[in-house]
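Before any comments, here is the structure.
To find a chain, count down the sequence lines: A is the first, B the second, and so on, and within it residues start at 1.
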Protein chains: 2
Amino acid sequence: MAAGRGVTSARVAAELRSRIERGELLPEDRLPSERELSESLHTTRVTSREALKQLEAEGLIYRSNRRGWFVTSQRINYNPSRAAFFMDYVADQGLVPFSRQLLKKRIVADDRLASMLEVSVKAPLVELQRLRGANGRPAYIETIYLPEGRLPGIYECDLERSVSAVMLGDYDQQYAVVELDITVGALSAGQAALLDAPPGYTCLCVRRVVRNAAGEVVEYDLEHWRHDSLNIQVRLDNS
Amino acid sequence: MAAGRGVTSARVAAELRSRIERGELLPEDRLPSERELSESLHTTRVTSREALKQLEAEGLIYRSNRRGWFVTSQRINYNPSRAAFFMDYVADQGLVPFSRQLLKKRIVADDRLASMLEVSVKAPLVELQRLRGANGRPAYIETIYLPEGRLPGIYECDLERSVSAVMLGDYDQQYAVVELDITVGALSAGQAALLDAPPGYTCLCVRRVVRNAAGEVVEYDLEHWRHDSLNIQVRLDNS
DNA sequence: TTAAATATCTGGTATATACCAGAAAAAGAT
DNA sequence: ATCTTTTTCTGGTATATACCAGATATTTAA
């Protein structure tokens, strides 16, 4: 270890943390390169990286491809009960949202999807995939499955913007019940590439099953969020 | 890199993952030591550790202090709306729950707590802290704040087992509204030690604000969960 | 038989170094 | 000015090695 007592990587992390908290480094600022850091703090790149990964886990910084390390900014507050639409509630938080459709196709339910959507195997489904984020930074990948049997003609609708809007407007389907399932996981290589994250990056997996007033499943979502971009807020009313 | 193409650490991770998925390594089994692994898979400890950390992030394995790496077992399903009590719902999942009180004392609200609990600064509070887990493995640390003004005599109650039970029974306080706030974070050194995790270990932070029928805050919780031990399940009823 | 001392095994941290691949900047050609 | 090529800078991965500290197993002493 170099100058200073205790664990070197913790010392480096503390130094950077204090620069961020003091406002010396502002959101979206680039940190010194790993080589510069290592030299100025009298340690090696391996140890500096240990410290950077620590701050990354804390959600204070992120890395972009091979461009460098940056200070994170404000997280997206997300309410999965979804009274509001993504583009709206993100804008309301003072951020600039974007949404890009990656995929839209008809498929048939396999065993897993059939059981999640409570349809028979081989039932027709619409699969949607989109990448969403704010302020130019990707935040999550969403895969949506819609049962075509319960939403006839849904494939022809414009689902680019908001599925919820179409559901409410054209199908008059109220979101009566939303079942949430939230777990911490890791991004696959493909997901990571889309989210500008290293493979295996820690993510929050949110599974949503939406039922209409009749108790039928009308939507099944799989969301993979960058852990540093999300804050989930839910309000449960037991009245 | 050694034998095989591509990224070595990914190759090691894939090998171990397959052993786990094939059932060659069962839950709670110890993995070969890092030195053994490195030798048998023709790489170095640094690279093996990279792979192990990857599987740790995926929630497939965990490390216990300096005893080794182990295969994780079944996660705890947690419903923060909390109709059920920890000791009950964990037992219902076929696990053996435990709960250890770490702290119980009277404090006065500082600025942050006052605003969270909607009481005046210096209002009397009861602070509780407990460590909970299942099958001998710690899963989370919970810090509870109770406003003594709204729950007179609460300090004298037996809160070891369940705060909810006391609330419902002795105070007739229904949980009318629960506000949840869920974020991914990192454990402090102290928390990590209690949860048998390395410092900075990825955790799920769950903040709960509980209101009674009158809309008053009667409980504020701060939970820090090991990311590998938790699966949150919430049901939202928009009726 | 029990308790204390010791050796060994485990992961945790650190140094020094090397090469690769993608991104960005600089230099050159049109 | 604009496009193309080259160089440089960045993080990503990997090797080899060393020593530390806690947990465990073994040995030794009472």
> Within the pair B:Thr47 and D:dT15, is there a side-chain N or O less than 4.0 Å away from OP1 or OP2?
Replying inline: yes

> According to the salt bridge (Lys or Arg N to Asp or Glu O under 4.0 Å) rule, which pairs have a member within residues 180-191 of chain B, sequence neighbours left out?
Replying inline: B:Asp181-B:Arg207

Whole angstroms only, please: what is the [atom1]-[atom2] distance between [X] and [N]?
X: A:Asp196; N: C:dG22; atom1: CG; atom2: P; result: 14 Å
X: B:Leu37; N: C:dC9; atom1: CG; atom2: P; result: 17 Å
X: B:Glu39; N: C:dT10; atom1: CD; atom2: C1'; result: 16 Å
X: B:Ile61; N: C:dT10; atom1: CD1; atom2: C1'; result: 14 Å

> Applying ring pair (Phe, Tyr, Trp, His ring centres under 6.0 Å), which residue pairs with at least one partner in residues 179-209 of chain A are found, sequence neighbours left out?
Replying inline: A:Tyr201-A:His227

Output side-chain donor-acceptor pairs under 3.5 Å for residues 95-103 of chain A, partner residues at least two apart or in another chain, one line each.
{"residue": "A:Ser99", "atom": "OG", "partner": "A:Arg132", "partner atom": "NE", "Å": "3.0"}

> Does anything in residues 25-36 of chain A pair up under side chain to side chain donor-acceptor pair (under 3.5 Å), and if so which pairs, sequence neighbours excluded?
Replying inline: A:Glu28-A:Tyr62, A:Glu28-A:Ser73, A:Glu34-A:Arg45, A:Glu34-A:Arg49, A:Glu34-A:Trp69

> Listed by chain and number, what are the side-chain contact (heavy atoms from CB on, under 4.5 Å) partners of A:Arg22, not counting sequence neighbours?
Replying inline: A:Ser18, A:Arg19, A:Glu24

> Less than 4.0 Å between a side-chain N and a carboxylate O, is that true for B:Glu127 and B:Lys104?
Replying inline: no

> For every nucleotide of nucleotides 5-12 of chain D, 5' to 3': is a protein heavy atom under 4.0 Å from its base (B), only from its sugar-phosphate (S), or from neither (-)?
Replying inline: -----BBB

